[in-house]
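Since the structure comes first, as C-alpha cells, the remarks are kept for the end.
It should be emphasised that the depicted structure is a prediction, and the values quoted were computed from it without experimental measurement.
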Amino acid sequence: MALHIGAHVDQEDPIAEAKARGATLSQFFLGDPQSYKGPVIRYAGGAEALKSDAEAAGVDLYVHAPYPINVASLNNRIRIPGRKLLQQHLHAAAEIGAKGVIVHGGHLGKDEDAAKGFDNWRKCIDGLEMPVPLLIENTAGGDNAMARRLEAIAQLWEAIGQAEGGDTVGFCLDTCHAFAGGNDLTTVVDQVRAITGRIDLIHANDSRDAFDSGADRHTNFGSGTLDGDEVAALVRSAGAPVVCETPGGVEGQKADIDWLRSQVA
C-alpha cells in the first residue's frame, strides 16, 4: 500500500515541513498548545493561502487541538472554555482546508462519576458545528480517562452516538498511548473498529515506557519499548493516514517516516 504519512510540525509553513520529510501530510497546532487563547494562523499568506498552497502541493493538513481542552470535565471553568476553544479550532481548521481536528478524550478525577463525563461529551457534540471532522484520540494515562481503555471508549462512543452530529466524529489511534494505556497492539485495531466502526488517523509513535505504564512519552522507532513488527502490522491493518509525533525534528521524523514506509509498503 502507498502510505499516506507525515509528522507533527511547526505551523509557520507546514507545506515546507512536509516536503523536508518527504511527507504528504502535516499535523500542527494553531497557536499555543498549552493555552485557552484562540487559534492563530501563522502561515505567511493567512488561511486562504495555506489552503490553496497545500492543495497545490498535495499536502493534507490536520490540526491538533490544545492540550487543556477537557470537555468531559465536571468543572464548569474547564469544560465550558474547552468547548468554546474546540469550536474555534474547528472553524479555523475549515478555513485552512484541514482534514480534521484531533482532540484528546479527556478525563475526570478519580472519585468523579465517569457516566457524567461521557454525557458531557454527548452535550458537547450536540452543541458543536463541525465543518470538518472531529477526531477523538485515545490517551495513555488516567484511571478515569474517557478514551484510555476499550471499555471507556465503548461508553464514550455510545454517548456520542446519541448526539446530533455524532456521525461526524472520528477516531485517532495513537500507538504509544494504546500500548502505555494497556491495550494489545496486535488486536487494538479490530477492537476499536468493533466499537467505533472507523479509524480515521494513526499517530505512529514508539513508547519510552512499559506496557500499561500510563506514561505518555513518545520516542523514535527502535529506541522505545514497542515491537516494530507489531507497529507496522497495526498501520497496515488500520489503512488510515499516519502522523509521526516523534522527536528529533526533520532528521528524526524523516527517519521514522522512511522506516515505517519501508515496513508497510
Side-chain angles (χ1 to χ4, degrees), residues 1-9 17-27 58-62 64 98-100 102 104-105 133-140 147-150 153-154 157 169-212 216-248 250-265:
M1 65 186 259
L3 190 60
H4 191 27
I5 187 169
H8 186 92
V9 301
E17 298 281 5
K19 289 179 178 176
R21 292 161 175 78
T24 55
L25 63 83
S26 284
Q27 174 187 283
V59 174
D60 285 351
L61 307 177
Y62 288 85
H64 199 301
K99 300 297 182 185
I102 299 96
H104 290 174
L134 179 66
L135 310 181
I136 299 177
E137 179 180 355
N138 62 309
T139 49
R148 173 180 178 177
R149 303 196 187 278
L150 293 166
I153 294 171
W157 233 254
V169 179
F171 195 82
C172 173
L173 177 62
D174 187 300
T175 58
C176 167
H177 298 177
F179 182 80
N183 299 288
D184 185 340
L185 294 189
T186 65
T187 57
V188 71
V189 167
D190 287 342
Q191 290 169 322
V192 166
R193 274 218 191 97
I195 293 166
T196 66
R198 58 197 291 172
I199 294 176
D200 300 80
L201 190 68
I202 295 292
H203 282 172
N205 307 300
D206 207 331
S207 173
R208 187 196 69 183
D209 295 282
F211 182 78
D212 209 14
D216 181 2
R217 293 291 182 268
H218 302 183
T219 189
N220 302 97
F221 291 118
S223 62
T225 53
L226 298 195
D227 181 310
D229 290 341
E230 290 183 3
V231 173
L234 181 152
V235 169
R236 275 195 299 270
S237 177
V242 176
V243 177
C244 293
E245 300 174 313
T246 49
V250 172
E251 188 176 334
Q253 290 178 337
K254 187 176 188 307
D256 286 334
I257 289 168
D258 289 346
W259 175 81
L260 197 52
R261 194 179 270 136
S262 74
Q263 298 301 303
V264 173

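- Although no hydrogens or angles enter the test, the distance criterion places no donor-acceptor pair under 3.5 Å between the side chain of D256 and the main chain of G248.
- In this model, no donor atom of one side chain and acceptor atom of the other lie less than 3.5 Å apart for N205 and T246.
- When each of D190, V189, T196 is tested with V192 by the rule side chain to side chain contact (heavy atoms under 4.5 Å, CB included), just one qualifies, namely T196.
- A donor-acceptor pair is defined here as one N or O able to donate and one able to accept, closer than 3.5 Å; such a pair exists between the side chain of D174 and the backbone of H177.
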What do the steps show when you test I136 against W157 for side chain to side chain contact (heavy atoms under 4.5 Å, CB included), and what is the final call?
CA-CA 10 Å; I136 299 177; W157 233 254; 4.2 Å; yes
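- A 4.5 Å side-chain heavy-atom check between Y62 and C172 finds every atom pair outside the cut-off.
- In this structure a side-chain-to-backbone donor-acceptor pair under 3.5 Å is present from R149 to G181.
- Applying side chain to side chain contact (heavy atoms under 4.5 Å, CB included) to L173 and the options N138, N183, L185 leaves one that passes, N138.
- Formation of a donor-acceptor pair under 3.5 Å by the D216 side chain with backbone atoms of T139 is not found in this model.
- Without hydrogens or angle criteria, R193 side chain to A238 main chain gives a donor-acceptor distance under 3.5 Å.
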Could you give me the CA-CA distance, side-chain angles and deciding distance for I102 and L201, then say whether side chain to side chain contact (heavy atoms under 4.5 Å, CB included) is met?
CA-CA 9 Å; I102 299 96; L201 190 68; 3.7 Å; yes
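- In this structure, D200 contributes its side chain and F171 its backbone to a donor-acceptor pair below 3.5 Å.
- With S237 contributing its side chain and A233 its backbone, the two residues share no donor-acceptor pair below 3.5 Å.
- Annotation: side chain of P247 is in contact with side chain of N220 (closest heavy-atom distance under 4.5 Å).
- Rounded to the nearest 0.5 Å, atoms CG (L25) and CD1 (I5) are 7.5 Å apart.
- When all heavy atoms of A23 and G6 are compared, the closest pair comes out as CB-CA, 3.6 Å.
- When side chains are defined from C-beta on, L3 counts as touching L260, because their heavy atoms get closer than 4.5 Å.
- Under the 3.5 Å distance criterion, the side-chain polar atoms of T225 are matched with a main-chain donor or acceptor of D209.
- Of the possible donor and acceptor atoms, none in the side chain of R208 sits under 3.5 Å from a partner among the backbone N and O of S223.
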Does V242 form a side chain to side chain contact (heavy atoms under 4.5 Å, CB included) with H203? I'd like the steps, not just the answer.
CA-CA 6 Å; V242 176; H203 282 172; over 6 Å; no
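- Contact record, V250 with A20: CG1-O, 3.7 Å, taken as the closest heavy-atom pair.
- Atom CD in Q191 sits 5.0 Å away from atom CG in L150 (nearest 0.5 Å).
- Paired with Q27 under the rule side chain to side chain donor-acceptor pair (under 3.5 Å), one option of E17, E245, H64 passes, and it is E245.
- Distance check: F221 CZ to C244 SG gives 5.0 Å after rounding to the nearest 0.5 Å.
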Take D206 and R217 through the test salt bridge (charged side-chain N to carboxylate O under 4.0 Å, His left out) and record every step on the way to the result.
CA-CA 8 Å; D206 207 331; R217 293 291 182 268; over 6 Å; no
Applying side chain to side chain contact (heavy atoms under 4.5 Å, CB included) to I257 and R261, what does each step give before you reach the verdict?
CA-CA 6 Å; I257 289 168; R261 194 179 270 136; 3.7 Å; yes
